[in-house]
Structures are given as C-alpha cells and as structure tokens.
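In what follows, every heavy atom counts, from backbone to side chain, and hydrogens, waters and symmetry copies are set aside.
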Amino acid sequence: MYLLTTVSFASEVCKTDSDELLSQLLSNHPSVKMSQEVIKGAKERVDSAFWGFFPTPSLDVSGKDSDRHTAVARLDQPIWTGGKLTSKYDMATSKEKENIYELEENSYKLIESYLNILESYLQSKSNIIELQEGADNLSKFSEMLDRRMEVGVSSNSDKDLLSARIEQVSSDKMLAKNKYKVATLQLELILDRKINCDIDFRDITNAQNSDIEESIKKLLEFHPSLKKTSAQIETSKYEKDGTEASIMPNLNLRVERREGDLYSDNYDKSNDQNIVYLAFTATTRAGLSSISDIAASKIKINEMEYRKKTIEKELIDSLLSDYNNYEIAKNRINILQRSVDSAQNVLDSYTRLFLAGKRQWLDLVNASREVMQYKIELSNLYVTKSILSYKLALKNGQIDLLTGEIK
C-alpha cells in the first residue's frame, strides 16, 4: 500500500503499533480514570437508594443526671411514601447509566482527538520524505547545471532560479518538520509517553461500509452522546416523579422501646414500654413552590428531548461530511496517481529535451516541482482516506470504546 511505504520514517527495527497506542490511551488517560471513579460513586449511590426501602434504626437519649434520663430505641419501616423512595432509586440507577455513557463519550472524543493528531503526524512525516526526494532531484539538476555552465551553455540566471527553488523546498521541509515535531509532542501529551519509534499505522479502508443509510442507522443506535442524553431524559422524568412525590404523605411502621423518664424522680422501671404503631406524616412546602418545581421539571424534560434531536442532527451532519470526504479522497487518489505518473513522464521527457537544447531550464525546474507537489498531495490523501476510514468505523460502532479494538 502506498501509505505504508511513504510514512516509513524511523528505523525499520523500531516500530510502535498505532492500535496498541490507542488501547493504551483508553486505558491510561486521566479523563477515563476519572469517569471510572465517577461510575464507582454512582454504584454506591444506587446501593444507598436501595437501602432506603429497609428499616431505619435510631436512638434518642436525654438525661439530667444519672437517675433521670429517657432512652428511646426506634425502628422505622417505610410502608408508603407516595413514590419518594422509588423515584430516588430510579434516579440513582439512571445517573449510573449516564456516567457509564459519559465514560464511553469521553473515550469516543479521545479516539477522535488521537486520530486527528495521528493524521497530522503521518502527513508531516510523509511530506518530509517527499520534500527530501524533491530536494535530491534539484541537487542532481544543480550538478548537471554546473557542468553546463562550465562549457558556457547555461547562464548564472539559471543557477539563481535553481537556488531559489532549493531554498523554497528547504523552507517547506522545515515547516513540515515543525509540524511533525508538534504532532509528536501532542501524541506524547495525550498518550503520556515518549514516542521514540515509528508508528506503524494499520489501514482498515476495506472495512468501510458503503451504505450511508445503514451507517446513519448504526450511528443513531450506537453513539454514546445520544445514549447519555436518553439517560438524562429518563433522569429528568424520575426527578419530576420525585418532585411530585415530595408533597405526598408518608406512612411508616414504627417499633419503639422506651426506658426511663426525664421528668420524674421516682420512675418505676416496670413502666418501660415496647410500642408498635403506624406513623402518618405529611409536610407541605412553602406556598406554591411544589407546583413551580413540577412545572420546571417538565420543562427540563422538553429541553433534554430537543437537545437530543440537536445532537442527532449534528452527528448525522458530521457523518455525511466524513463520508463525502472519504469518497472524494478515494476518487482523488486514482486521479492523482495518474497525475504523478504523467508528471514524472513529462519530467523525464523535459530532461532529455533540455539536454538536446529543445526545452528551457525553467520548464525542467517547474516540471520537477510539479512532480513533488503531486506526490505530496497524493501521500496526504492516502493518510486522509485511512484516517477517515477509522472515523467512519468509529461512528458506525466498529471500534470498541473501552479497548480501541476494531470489531
């Protein structure tokens, strides 16, 4: 494959697999670690909400001195709360789902960032190779020109033109090296490791799905941002249920053991009591605040549903853009490959014609530059096409968000 031959920059012995780097990224990045801790906390909150259905023990002790005190041991078992406990448990469960999907969303964004940096890294690396090849060709022309100047068939202006082109290529190569250095530093930053070896990039263009409608369907089923928003809508509904339940009364079964009397000096311990009874409690909130809170909860649900629709449109637009760019790159590669071959033939022809005195020096230098530019554009397109194939696989759910493996 052309891409794999043009991006070989470091030692052939020292190579690092790009998929392995992606797997390490998804295992070690701080945002992933943070999301994992958030999920652990969410699981504990689910357990806490679950224990709300069980009896609650309490102990009240009041005393004036060693002989006058009251102790009440109580056990409260909720019988009916108007939905408070259920909504609290449902909210905790839904929040846990949100956090799981947020972990996947963070991983998704990390993969996108990694692919963007990798594209810059691979393109700059291949550009350096093509620019160096162009500079080598100009150096050969320089040797040929020097021999022609010695016999007086070429002028100093031809030499000046060639020197200007060599300086331009050197400047372009310096910019490519700076781009390569920045991309390497960005990779080291996101991966939290040194990049001392050439990155061996695996092409997966053969796994590309050509059915755009099927890709859109998979995107809407798979994307973690949509799953997260759906979970947020469910959480908002449970929050509304909790707000409505907050104004409902509570019915508890209460078991008490009472000992002592704080107000009597001559308390008879035989009067200690064991009591089992039902406790009915009801509290109202200030004014009409409950009605306002319920209305606000309904508005929040509508807001989240519209947000989900907005995200859907943005994701479909992004998918269509990547799909279109992929098809353009694929078609442009075939055209540019022919252009490279044609430009190389023209350069070879111009070289022979120049030596025969039938072409100008400017024609030869321009033909050499055209070959170099076509090769740079072609290598960039190969990288872009391969990176887009990964992005499309990511949007189709073909990349495991926890391991980075291609499904």
Side-chain angles (χ1 to χ4, degrees), residues 31-32 34-56 76-109 216-252 280-319 395 397 401-402:
S31 66
V32 173
M34 177 190 69
S35 295
Q36 290 172 345
E37 294 301 313
V38 171
I39 291 173
K40 291 179 184 178
K43 290 181 182 294
E44 295 297 332
R45 283 188 287 273
V46 171
D47 292 340
S48 175
F50 175 73
W51 284 112
F53 292 97
F54 290 85
T56 301
D76 278 314
Q77 172 61 56
I79 295 178
W80 188 78
T81 63
K84 296 183 185 69
L85 293 177
T86 302
S87 61
K88 183 179 179 181
Y89 178 79
D90 290 340
M91 275 192 287
T93 304
S94 185
K95 279 285 187 180
E96 182 185 11
K97 291 181 181 178
E98 280 185 44
N99 297 140
I100 292 173
Y101 295 140
E102 187 170 4
L103 168 61
E104 294 180 356
E105 185 181 46
N106 287 339
S107 298
Y108 185 97
K109 292 178 179 178
I216 292 175
K217 180 181 177 182
K218 289 182 178 179
L219 171 71
L220 298 180
E221 291 175 351
F222 152 79
H223 203 281
S225 294
L226 293 176
K227 290 182 179 180
K228 176 185 172 183
T229 307
S230 296
Q232 289 174 334
I233 292 173
E234 291 300 313
T235 302
S236 298
K237 291 179 179 178
Y238 293 137
E239 288 176 349
K240 180 180 74 69
D241 293 342
T243 304
E244 292 173 345
S246 66
I247 60 177
M248 303 298 290
N250 298 327
L251 181 63
N252 290 356
F280 182 85
T281 58
T283 59
T284 59
R285 302 170 70 176
L288 300 176
S289 62
S290 297
I291 297 176
S292 299
D293 289 341
I294 293 171
S297 299
K298 292 179 179 178
I299 293 172
K300 185 178 180 180
I301 294 172
N302 294 335
E303 173 196 341
M304 296 305 302
E305 288 176 343
Y306 285 124
R307 180 182 296 179
K308 182 180 179 181
K309 292 179 180 179
T310 302
I311 293 174
E312 285 179 355
K313 291 183 180 295
E314 291 174 349
L315 290 175
I316 293 174
D317 182 67
S318 176
L319 173 64
K395 288 179 169 64
L401 296 179
L402 299 181

**OP:** Using a strict cut-off of less than 4.0 Å between a Lys/Arg side-chain nitrogen and an Asp/Glu carboxylate oxygen, indicate whether Lys40 and Glu37 qualify as a salt bridge.
**Re:** yes
**OP:** Could you tell me whether Glu305 and Lys309 make a salt bridge, using a distance below 4.0 angstrom between a side-chain N and a carboxylate O?
**Re:** no
So, the side chain of [X] versus the backbone of [Y]: is there a donor-acceptor pair under 3.5 Å, distance only?
| X | Y | value |
| --- | --- | --- |
| Ser318 | Glu314 | no |
| Glu105 | Ile100 | no |
| Thr235 | Met91 | no |

Got a sec: does the [atom1] of [X] have more than 12 other heavy atoms crowding it under 6.0 Å?
| X | atom1 | result |
| --- | --- | --- |
| Phe280 | CZ | yes |
| Lys240 | NZ | yes |
| Lys227 | NZ | yes |

**OP:** Answer yes or no: is there a side-chain heavy-atom contact under 4.5 Å between Leu103 and Leu402?
**Re:** yes
Original post:
So do the side chains of Asp241 and Asp90 get within less than 4.5 Å of each other, counting heavy atoms only?
Top reply: no
Mind checking the [atom1]-[atom2] spacing from [X] to [Y]? Nearest 0.5 Å is all I need.
| X | Y | atom1 | atom2 | result |
| --- | --- | --- | --- | --- |
| Phe222 | Leu401 | CZ | CG | 4.0 Å |
| Lys298 | Glu244 | NZ | CD | 6.5 Å |
| Ile301 | Lys237 | CD1 | NZ | 6.5 Å |
| Ile294 | Ile299 | CD1 | CD1 | 12.5 Å |
| Ile39 | Met34 | CD1 | CE | 10.5 Å |
| Asn302 | Ser297 | CG | OG | 11.0 Å |

Original post:
So which pairs with a foot in residues 223-243 pass ring pair (Phe, Tyr, Trp, His ring centres under 6.0 Å), sequence neighbours left out?
Top reply: Tyr108-His223
Contacts table for residues 42-51: side-chain donor-acceptor under 3.5 angstrom, sequence neighbours left out:
unit_1: Lys43; atom_1: NZ; unit_2: Glu96; atom_2: OE2; d: 2.9

**OP:** Would you name the heavy atoms of Leu226 and Leu219 that are closest together and state the gap between them?
**Re:** CD1-O, 4.2 Å
**OP:** Provide the closest heavy-atom pair for Lys308 versus Ile233 in the form atom of the first, atom of the second, distance.
**Re:** CD-CD1, 4.2 Å
For a quick test of your reading: what N or O donor-acceptor pairs under 3.5 Å do the side chains of residues 78-89 make, sequence neighbours left out?
unit_1: Thr81; atom_1: OG1; unit_2: Lys84; atom_2: N; d: 3.3
unit_1: Thr81; atom_1: OG1; unit_2: Leu85; atom_2: N; d: 3.4
unit_1: Lys84; atom_1: NZ; unit_2: Thr81; atom_2: O; d: 3.0
unit_1: Lys84; atom_1: NZ; unit_2: Ala245; atom_2: O; d: 3.0
unit_1: Lys84; atom_1: NZ; unit_2: Met248; atom_2: O; d: 2.5
unit_1: Lys84; atom_1: NZ; unit_2: Asn250; atom_2: OD1; d: 2.9
unit_1: Ser87; atom_1: OG; unit_2: Gly83; atom_2: O; d: 2.9
unit_1: Ser87; atom_1: OG; unit_2: Lys84; atom_2: O; d: 2.9

**OP:** Take Asn252 and Thr281 through the side-chain contact (heavy atoms from CB on, under 4.5 Å) test and state the conclusion after the steps.
**Re:** CA-CA 8 Å; Asn252 290 356; Thr281 58; 5.7 Å; no
Subject >> Distance-only polar pair, side chains of Asn106 and Ser35, donor-acceptor under 3.5 Å >> reply: yes
